[in-house]
Number of protein chains: 2
Amino acid sequence: MTAEDGGADLAQAVGSRVRELRRGRGLSLSELARQAGLGKGTLSELESGRRNPTLETLYALSAPLGVGLAGLIAEHVDTKAGISVDGYGASTVLLDVVTAAEASTEIYRLTILPGPRHVSPSHGPGVRERLVVVTGRVRAGRNGALGEAGPGESLDWASDGEHSYESLTDGPVVAILVITHPV
Amino acid sequence: MTAEDGGADLAQAVGSRVRELRRGRGLSLSELARQAGLGKGTLSELESGRRNPTLETLYALSAPLGVGLAGLIAEHVDTKAGISVDGYGASTVLLDVVTAAEASTEIYRLTILPGPRHVSPSHGPGVRERLVVVTGRVRAGRNGALGEAGPGESLDWASDGEHSYESLTDGPVVAILVITHPV
DNA sequence: TAGCATCGTTCCATAAACAGAACGCCAGGA
DNA sequence: TCCTGGCGTTCTGTTTATGGAACGATGCTA
């Protein structure tokens, strides 16, 4: 079944991530198992992707590895979990929606691969976007009034006109996109 | 709150988070179980905190709920960020974590109720925060260099010193907080 | 060389997470 | 009133994640 395929991939990915973090900390498998209060066998099979760990097991590992629980799984959130808008070279994952009296706001994680710029049509009157760059460098905004931003910086524009996004770096750009629609 | 986080508490927190997301989407328990390919009993006990779900189970839920896996781990309350330490009047929900070579970034939804300002201690060298306001008006930043922002606007500051957040409106302020930690 | 510690893997018995069925509850319709 | 259908919880048998005990491999010391 598809769920099991995805699960197997996921277990593999999380296992690799744990192994990578452990080695990065210079810990042996036995030592990490001891610190986390897990059996060595459990950790061995988890790291090699042959286990489907429980929440409790992951939590036990997060403390000695010095990362948050989300840090153990944060890499795999993208492919199926969210709504991919574009597909080739860019993807968006819906993180949150905030609804208030006067406006509704959607929060996305936007990933842009190097390549041609991505053009988005008008979103209607009153809609605004703000982009906070997490990694990489991006050129984005309304066509004719593009701006650039690097990690930690942000851009904003009214999106009632055609606008675009473009990676300026070799690697992927990750950014947080906040879109506000008036009600 | 929930700083000590026994495993049981964690299951409780994740269960509540799932239930909250499900209700927010207007889904019945049976319907979500069907979409996720899980048994109703599994989901019922998971939501009430009586299960210690596996990674695969959490993953199966993340897609129909439209959030990433990290979005289900709302546990981040808040040992290291310290934002909601006072508990009354402010809360943070972890939306996403992005890990890159040079930095790790966490995305939160921050809600601040009207009242006294919320003070957060230093987060260590190199840590930066950026706040994008969604609703309401906020005064925030490093103490001594506070800024103000309304819907769609943003503020940023280095958080290697005491900083604070304060609602300037009658209603709650909702904002997106992006915290970058160098590695 | 032998002796010993530590490494990561594999095997086993137990506890528990799972799917699905059975259950009681509450609504709306005939 | 009795159905019928959906809801969420509880129960039951099966599957599987777990801790711990083997195991062989490797490295270090005498």
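Quick note: numbers below take in every heavy atom, side chains included, and nothing from hydrogens, waters or symmetry partners. Lettering follows sequence order; numbering is per chain, from 1.
When all heavy atoms of A:Leu29 and A:Leu43 are compared, the closest pair comes out as O-CD2, 3.4 Å.
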Q: Please report the C-alpha distance between B:Gln35 and B:Leu27 in whole Å, then the side-chain angles of each, then the deciding distance to 0.1 Å, and finally whether the side-chain contact (heavy atoms from CB on, under 4.5 Å) criterion is met.
A: CA-CA 10 Å; B:Gln35 287 189 25; B:Leu27 292 171; 3.9 Å; yes
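Over its length, the helix from C:dT1-D:dA30 to C:dA30-D:dT1 turns its helix axis by 10°, as judged from the five terminal pairs at each end, rounded to 10°.
Counting only distance, with no hydrogens or angles, the side chain of A:Ser62 and the backbone of A:Tyr59 share a donor-acceptor pair below 3.5 Å. The main-chain N or O of B:Glu166 is never found under 3.5 Å from a side-chain atom of B:Arg139 such that the two would form a donor-acceptor pair.
Atom CG in B:Leu32 sits about 17 Å away from atom P in D:dG6, given to the nearest Å. We find that CZ of B:Arg34 is positioned 17 Å from C1' of D:dG8, with the value rounded to whole Å.
With rounding to the nearest 0.5 angstrom, the CG atom of A:Leu38 is 7.5 Å from the CG atom of A:Leu32.
Of the side-chain N and O atoms in A:Ser30, none sit less than 4.0 angstrom from OP1 or OP2 of C:dT6.
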Per-nucleotide protein contact along nucleotides 9-23 of chain C, 5' to 3', at a 4.0 Å heavy-atom cut-off (B base, S sugar-phosphate only, - neither), is BB------SBBB---
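If you chain together hydrophobic residues whose side chains sit under 4.5 Å apart, B:Leu155 and B:Leu146 never meet in one group.
Of the candidates B:Arg51, B:Arg50, B:Glu45, B:Ser48 forms a side chain to side chain donor-acceptor pair (under 3.5 Å) with just one, namely B:Arg50.
Between A:Trp157 and A:His163, the ring-plane angle classifies as tilted under the 30° and 60° cut-offs.
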